[in-house]
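Structure first, then comments.
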There are 2 protein chains.
Amino acid sequence: MFYGTYTYKIDEKGRVPLPPNFRRQTKGSVMLKRGMDRCIEVYPTDVWDKLAGELAARVVSPLKRRRLNRIVFGSAFNASFDKQGRIMLPAGLREYAAITDVAAVVGANDRIELWNEKLLEEEKTIAEQQESQIIEEFGV
Amino acid sequence: MFYGTYTYKIDEKGRVPLPPNFRRQTKGSVMLKRGMDRCIEVYPTDVWDKLAGELAARVVSPLKRRRLNRIVFGSAFNASFDKQGRIMLPAGLREYAAITDVAAVVGANDRIELWNEKLLEEEKTIAEQQESQIIEEFGV
DNA sequence: AGATTTGTGGGGAAAAGTGGGGAAATTTGG
DNA sequence: CCAAATTTCCCCACTTTTCCCCACAAATCT
């Protein structure tokens, strides 16, 4: 389970550390993917494999499956940690998420997300407004 | 069950003791989370695990689930007690709750809350005014 | 009163965050 | 197809933060 929000600098080489907590829950490498919400999604390889399997099983229409496969797998990268616990962010993903010099690393239960700090703030504001009734109801 | 209100200093390293009562009801570590009401919520790990499990089961819409995961898990931290019964408060949570040099520790049934003293006073005033009918209705 | 628990403060070792060098690999251009 | 330029990957080094231990005074309990 991933939780917590951390802020890290990105060096000129495009490297970002992940929190030690998160590293220990992965086995040396992770899968990166363009997120739905202007962020970069990061999965441990085993979670990724499970998602990939479910994807194939869930979508029945061949055309839809081809397209979904293109989007999901076409935007995916494998990234492995260096000795300092950093991964390299592909330029394309970084641009998509508007991550330049600082990245917010968010543990979101089964996945990790990398955000531009400002965009994350906006997203959380919107989410809190829209979901406050769920949160209230849920009691957390 | 947590009850009572205690006031503790926060040292320069950002550490706060929890009352011995409360410590004994946890197993060495707790989960911290940004509360809805400008406070820090503290859960025993078993309570937290139960909440987290229910969360995933309850929300069906993918977007809503992503957002709720961000809010709930993204603001959560694990904190374990040192030999003196203190936990470290992450800077982000401390700022959110406006806790600087003193913290009010409130036992609130199944959870513990950490407050800025003044904010807690205001909250209690408002709560008593607004919720007096609730207290009358449900109160003992 | 004496012993134990509790609140508060710090010191020091270990870990984590940050930055860069240089060899290997890949890409680019002639 | 080869050489130059760029990128990637694997080290190393330094600074800051965190974590774990000890210390001591005040309060509490027996």
Side-chain angles (χ1 to χ4, degrees), chain A residues 2-32 40 42 45 76-96 99-107 112-117 120, chain B residues 2-32 40 42 45 76-95 99-107 112-117:
Chain A
F2 300 104
Y3 50 82
T5 300
Y6 306 81
T7 303
Y8 290 114
K9 271 194 182 177
I10 299 184
D11 59 30
E12 319 98 39
K13 293 182 178 181
R15 298 174 296 187
V16 197
L18 295 191
N21 258 357
F22 294 5
R23 281 175 231 162
R24 288 188 212 102
Q25 296 184 60
T26 66
K27 289 139 193 164
S29 80
V30 291
M31 290 298 293
L32 305 182
I40 303 174
V42 183
T45 46
F77 284 85
N78 183 269
S80 48
F81 293 98
D82 67 11
K83 225 180 188 176
Q84 278 66 37
R86 295 170 294 196
I87 56 177
M88 266 270 304
L89 296 184
L93 289 181
R94 233 168 32 196
E95 281 168 28
Y96 168 70
I99 294 175
T100 55
D101 49 344
V102 174
V105 179
V106 183
I112 305 163
E113 294 178 347
L114 306 182
W115 283 83
N116 170 305
E117 271 194 311
L120 176 61
Chain B
F2 303 106
Y3 52 84
T5 299
Y6 305 81
T7 304
Y8 290 113
K9 268 195 183 177
I10 299 184
D11 60 29
E12 320 98 40
K13 292 182 176 181
R15 297 175 295 188
V16 197
L18 294 191
N21 258 358
F22 293 5
R23 281 175 231 164
R24 290 188 209 101
Q25 296 184 60
T26 66
K27 289 141 193 164
S29 80
V30 292
M31 289 297 295
L32 307 181
I40 301 175
V42 184
T45 46
F77 282 87
N78 183 271
S80 48
F81 293 98
D82 66 12
K83 230 179 187 176
Q84 278 65 39
R86 296 170 294 195
I87 56 177
M88 262 271 303
L89 297 183
L93 289 180
R94 234 169 30 198
E95 282 168 25
I99 294 175
T100 55
D101 50 343
V102 175
V105 179
V106 183
I112 305 163
E113 292 179 350
L114 305 182
W115 284 84
N116 170 306
E117 272 194 310

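Chain letters run A, B, ... following the sequence lines, proteins first and then strands; every chain starts at 1.
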Problem set entry | chain B footprint on DNA chain C, 5' to 3' - any atom under 4.0 Å from a heavy atom | C/dT6 to C/dG12
Problem set entry | Nearest-angstrom distance from the residue atom OH of B/Tyr8 to C1' of D/dA27 | 12 Å
Problem set entry | d(CD, A/Glu12; P, D/dT7) in whole Å | 13 Å
Polar atom pairs (N or O), protein with nucleotides 13-21 of chain D, under 3.5 Å:
unit_1	atom_1	unit_2	atom_2	d
D/dC19	N4	B/Lys13	NZ	3.4

For this session: Take B/Val30 and B/Phe81, measure what side chain to side chain contact (heavy atoms under 4.5 Å, CB included) needs, and give me the verdict at the end.
Result: CA-CA 8 Å; B/Val30 292; B/Phe81 293 98; 4.2 Å; yes
Exercise. What are the two closest non-hydrogen atoms of A/Pro17 and A/Tyr8, and how far apart are they?
Worked result: O-CD1, 3.3 Å
Seminar exercise, completed: Scanning both residues in full, the closest heavy-atom pair of B/Phe22 with B/Ile112 reads CD2-CD1, 3.7 Å
For this session: Would you mind telling me which of B/Lys9, B/Lys13, B/Arg15 makes a salt bridge (Lys or Arg N to Asp or Glu O under 4.0 Å) with B/Asp11?
Result: B/Arg15
Problem set entry | Identified side-chain contact (heavy atoms from CB on, under 4.5 Å) partner of A/Arg94 from the options A/Asn116, A/Leu114, A/Ile99, A/Thr100 | A/Ile99
Exercise. Do the non-hydrogen side-chain atoms of B/Tyr6 and B/Leu18 ever get within less than 4.5 Å of each other?
Worked result: no
Problem set entry | Close side-chain approach of A/Leu32 to A/Val42, heavy-atom, < 4.5 Å | yes
Exercise. Is there a donor-acceptor pair under 3.5 Å between the side chain of A/Asn21 and the backbone N or O of A/Arg24?
Worked result: no
